[in-house]
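Each chain gets a letter, A, B and so on, in the order its sequence line appears, and its residues count up from 1.
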Protein chains: 4
Amino acid sequence: MSFNTYGHLFRVTTWGESHGPALGATVDGCPPGIPVTEADLQVWLDKRKPGQNKFTTQRREADEVEILSGVFEGITTGTPIQLMIRNTDQRSKDYGDIAEKFRPGHADITYWQKYGVRDYRGGGRSSARETAARVAAGGVARAALSKLVPGLSVTGYMVGMGEKDIDRAQFDFAEIERNPFWTPDAQAAAEWAGYLDGLRKSGSSVGALIEVAVRGCPPGLGAPVYAKLDTDLAAAMMSINAVKGVEIGEGMAAARLTGEANADEISMGASGPEYNSNHAGGILGGISTGQDIIVRFAVKPTSSILTPRKTITKSGDETEIITKGRHDPCVGIRAVPVAEAMAAAVVLDHFLLDRAQTGGMRGPIG
Amino acid sequence: MSFNTYGHLFRVTTWGESHGPALGATVDGCPPGIPVTEADLQVWLDKRKPGQNKFTTQRREADEVEILSGVFEGITTGTPIQLMIRNTDQRSKDYGDIAEKFRPGHADITYWQKYGVRDYRGGGRSSARETAARVAAGGVARAALSKLVPGLSVTGYMVGMGEKDIDRAQFDFAEIERNPFWTPDAQAAAEWAGYLDGLRKSGSSVGALIEVAVRGCPPGLGAPVYAKLDTDLAAAMMSINAVKGVEIGEGMAAARLTGEANADEISMGASGPEYNSNHAGGILGGISTGQDIIVRFAVKPTSSILTPRKTITKSGDETEIITKGRHDPCVGIRAVPVAEAMAAAVVLDHFLLDRAQTGGMRGPIG
Amino acid sequence: MSFNTYGHLFRVTTWGESHGPALGATVDGCPPGIPVTEADLQVWLDKRKPGQNKFTTQRREADEVEILSGVFEGITTGTPIQLMIRNTDQRSKDYGDIAEKFRPGHADITYWQKYGVRDYRGGGRSSARETAARVAAGGVARAALSKLVPGLSVTGYMVGMGEKDIDRAQFDFAEIERNPFWTPDAQAAAEWAGYLDGLRKSGSSVGALIEVAVRGCPPGLGAPVYAKLDTDLAAAMMSINAVKGVEIGEGMAAARLTGEANADEISMGASGPEYNSNHAGGILGGISTGQDIIVRFAVKPTSSILTPRKTITKSGDETEIITKGRHDPCVGIRAVPVAEAMAAAVVLDHFLLDRAQTGGMRGPIG
Amino acid sequence: MSFNTYGHLFRVTTWGESHGPALGATVDGCPPGIPVTEADLQVWLDKRKPGQNKFTTQRREADEVEILSGVFEGITTGTPIQLMIRNTDQRSKDYGDIAEKFRPGHADITYWQKYGVRDYRGGGRSSARETAARVAAGGVARAALSKLVPGLSVTGYMVGMGEKDIDRAQFDFAEIERNPFWTPDAQAAAEWAGYLDGLRKSGSSVGALIEVAVRGCPPGLGAPVYAKLDTDLAAAMMSINAVKGVEIGEGMAAARLTGEANADEISMGASGPEYNSNHAGGILGGISTGQDIIVRFAVKPTSSILTPRKTITKSGDETEIITKGRHDPCVGIRAVPVAEAMAAAVVLDHFLLDRAQTGGMRGPIG
């Protein structure tokens, strides 16, 4: 990851600002021969699209993606794929106030200090709108994975919102698509609706806990010791706006365990090694084990709230600010498809890295 | 981060196995004109060195670092610095048993599956011994920082061990150097000694929670949106052996907060902006604010324990394993200097990246 | 340089095919605070634009560049700059014949063999049309250089066409802009017009020799030993379509000299070291000396000619091919602005790399 | 290529100075399962070793390579391979004079200006001694290639020295190993011996023209458009000390040809496409065709000569200098094994890159 590019071999460079004419992603290193259409990518963009219900920002964006290069007659050619999304509903008048004031919790002040110039309209480059480009690129990664690693799936879902957690006993993958929170616990979804609606009406916001499960990943992906699969997943998630923590498997709770409790014992199954538990989150020594890969991360509450907060102006004067723009009461909701996209890109990237170094050969067991 | 290299411009490539003749780090991109001697680096290696007390592995390694290149008459020349540490106490007879069996929680099985060949002696490349090279390279980063960013300090310390946390009210930076746990809470240190001794005697192990504070970091370091300072710090920590989670500032707990509670309000101080709190951990939009940078991570319990665990052999037979080698009951202790080294390298790297792009110019406030 | 990206810190990723909807460049790492407009970039694109006279392809392209991101109110913000150029005159019917046949000297056969799929229309990604994106990105590099290194200039010109060379005694920088060959020798320009017109009418083509001079470059740019300034310039030129050789200073002729003849003796001038000659082409040990940097390269003759050439089809049948599309009789002419753009990007990139590592500090002489 | 590292996936970082304790190469990304021993590498180092005959420097170096990591029981493990070569015959007293004076044609002055500090002993990092590390790393690349691409060979040879060229009609691959110039023309070898001996006795030096042929390379290697195989080969050769020009196939002479003369017509052979000529040097559009890959480069005459040359001191005083150290009258001779090593590394790197992106699948012809 570097500046505006992520990936070693499947390399995505995103570009664009919240209120510029367009934003997008330049996808380099995609394998040739992968079927992919704008409609395929649109499916994922529609998941992230704002304005779909009262729990997400009321900004109306079609988020229609155009493929400008790298795909010929519906097939990737191995050349760079340019994905462009036009900005249509920019309403930049909402943001006149923040040209001079720095919003607490936003990147306004640090962009100003670093660059000495900033596109203040809607947060410019630091807007979560940038993540639309990641989702489009993630769609390409998914298309490649579905050809190269059939059976692999990447699924994100919300496991906590504010003080409220899901009940893991109620976990149902099929439920995820059915509620606006992408949560696998139907009862939690019902409860959260009221909770979040209250926060929204009061102009407040709340954080969230998201998990991504990669199922069907073969063993052997990951490049120790500094491009470990978990290292790259952690970086991928931490690069998403508002993320403050990342966990693999047991995560922070691993600090609390003893060696006996944490050991994932190994037995021999019909088609290879099996594990009696998955504290490791599917990764040992930076390399996938073949178990489900489990990544979890925390999204902080949306910083844009209606309660006045103390801040300063560019001139150094103290003042207060209320952020009146259209915002998400829980920006974590829309982080779900973004995290899926990042996970898909990381896994594809590591599939390619592994194929380069080992040719996909695996050390035999049994 | 890629394969065995980390850093964008201050680039460190570590090499070497636990039981080979030597290990080390190739440090490229260091600024010229930095005073650095072997003795300067040895200070940090001695912090990490095994066998210093009963809470760390009884392997005896001098961990003496040699500078083979890149330093002339005590001054860096801008050319690559080769840092070599000879392995002296290899006792590889301890590890004969694990040539055929895979230790649960270790990378034995995944290295075998990925590469089809592995140096099983002491974990080979996946051994925590690799971190000695990071500490040496971190010493170079510290030397450069002390010249380029005077006043900046990087301090790691333990804030939790197993179920036991420090009392933040007792936090004392001066205490950190005085106890074997690098903890800032003297009372916790006393209590943990007995707790860990009990675990050690029973052949068990426990996880830990480490924090690193970077104080005196100027605003403006960090390269959005994919080389964010927090992204790179998260990757740096997650790349350390046994780390399962990383947090910046409020971390995973940010998921629990409302926007009002999480806002770090800004006021105008004598020498620039000041913040009334530091939920952000010193980073906004991936760029440093000038506040303390706070990174926290969890280390899982040492996987090598004396209680038998179920596993399989290379032939696919089910068996049990006890790991009899010399190990740390809480490997988190020795992760403290490693994390400091990684943080120093990341901060220096971003200082250089920022100097490249902006020339160190800062947008004025007030 | 990697896949579709060049540059270490000023990183340009080009995308797009000859007959797709658009092509462009994603420019990452540009310093903030640089004034740049679409009109500034258009100047350089107009130099490269096809259809300007009878010596360049009759394809009519407006080559109008749009800035889609990274520039706010006419100033670069330090975020990625997306430069898009729409393809307007695609006439893909010209290319139906080459869907099945491989044109000798073109990349048709190798793209097919490597990728198993190719956009055959006008050469797809391997078309020299890709260089329009480089020229646009080079315009950004020039804008940055004019602010960061005032007095530096980058000038390309043709020094040979087929068997005909310029007379170095007639070299006049002012002449370069006055003739369609960008040559500094007015008499050569007059002579070449008739020569090339004859080749054009006969459906033939010819190679060319181009030189780029970077004047006013400060000493100290270049990062030994594998990102030497001459290494990166050689790579930059060799990456241009149809280039088969690159020289620095004395170039291939250096093989013929003795040590006495080749030595650039040093004396002390008013403002620093001076050199009595410039066999080195302004670079010693990969680092600029402060003299003019001289790069020269050879462009092979356009492979598309009207004389039938033997080839094979995808089915493996032997056949002949005539390339009837609109082509340049001497593609070297349009390589001049492309080479300037590449040189500007390399020099800016090295200015940034040097600023990162040394802070621009220079070892004093005298 | 960047700072001290070359390669995309097979990445080599060299380190060390001419008169430090050691130098070497850190080789990352090597495929696992490759048989390689110190003796295998020593073969290539012995080709480059100084002091073998009167035509190379009389410095006596054993150039014995030690493998410190990454190889277990004679097999690469996929982890970084550290190759170390001790410096034994340093005689630094020879170089006392050049601590204050800058030798014309050497990097003394530019290293000083860039870094403000330099290891002046024997040229420090800019010494051609650095190339020993490349040769060792190239040995690893050759070992990998011989397993992964059986039948591929990399052979370098001298085709010109000063004003004297070989007679291509006398070209005999078997002759290359039989003479001290690695030239394929026995008669040229005989003639050059007297010619060079005269130059040597007079304390002069001369340049050389080297060619490398890669035979048996499969089609499809090369990653357009900025990691073209020819681009990477050009960069690899240009990064070698004293190289001033690089050519692929027809090279600079391509500027002189017409399209008809330059076309490599294609026919259908028994096992795939065949070409009636090889002006392209085995590469089209940056991708290998399956023909021999031909790279040629010019090495300037050794700058260290016995005739006094004008120069300046660090204090800015004008003076003269004679270089009395032990030097090669034609440094091009020892560039032959270095160029082979670089070519082997580039080809292996592109084999891995191609395997990553395409999986080695090839578009069928016929």
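A donor-acceptor pair shorter than 3.5 Å can be found between the side chains of B/Y226 and A/R134. A side-chain N or O of A/E260 and one of B/S204 form a donor-acceptor pair less than 3.5 Å apart.
Side chain of A/E318 to main chain of B/M268: a donor-acceptor pair is present (N/O by atom type, distance under 3.5 Å, no hydrogens or angles). B/K228 places no side-chain N or O within 3.5 Å of a backbone atom of A/M238 that could act as its donor or acceptor partner. Listed for the A/K114 side chain is no donor-acceptor partner under 3.5 Å among the backbone atoms of B/P219. Without hydrogens or angle criteria, A/W112 side chain to B/P364 main chain gives a donor-acceptor distance under 3.5 Å. B/E265 contributes no side-chain N or O that, together with a main-chain N or O of A/P104, makes up a donor-acceptor pair within less than 3.5 Å.
In this structure, B/Q113 CD and A/L284 CG are separated by 9.5 Å, a value rounded to the nearest 0.5 Å. Within the model, atoms CG of B/N262 and OG1 of A/T302 stand 10.0 Å from one another, a figure rounded to the nearest 0.5 Å.
Interface summary for chain B: among A/G105, A/G162, A/G220, the most heavy-atom pairs under 4.5 angstrom belong to A/G162.
Heavy-atom distances place the backbone of A/I240, and not its side chain, under 4.5 Å from chain B. With a 4.5 Å cut-off on non-hydrogen atoms, A/S304 does not touch chain B at all. With a 4.5 Å cut-off on non-hydrogen atoms, B/S2 touches chain A through its backbone and its side chain both. Using a 4.5 Å cut-off between heavy atoms, B/I210 does not touch chain A at all. Using a 4.5 Å cut-off between heavy atoms, B/D264 touches chain A through its backbone atoms (N, CA, C, O) alone.
Residues A/Q357 and B/Y115 form a side-chain contact, since some pair of their non-hydrogen atoms from C-beta on lies under 4.5 Å apart.
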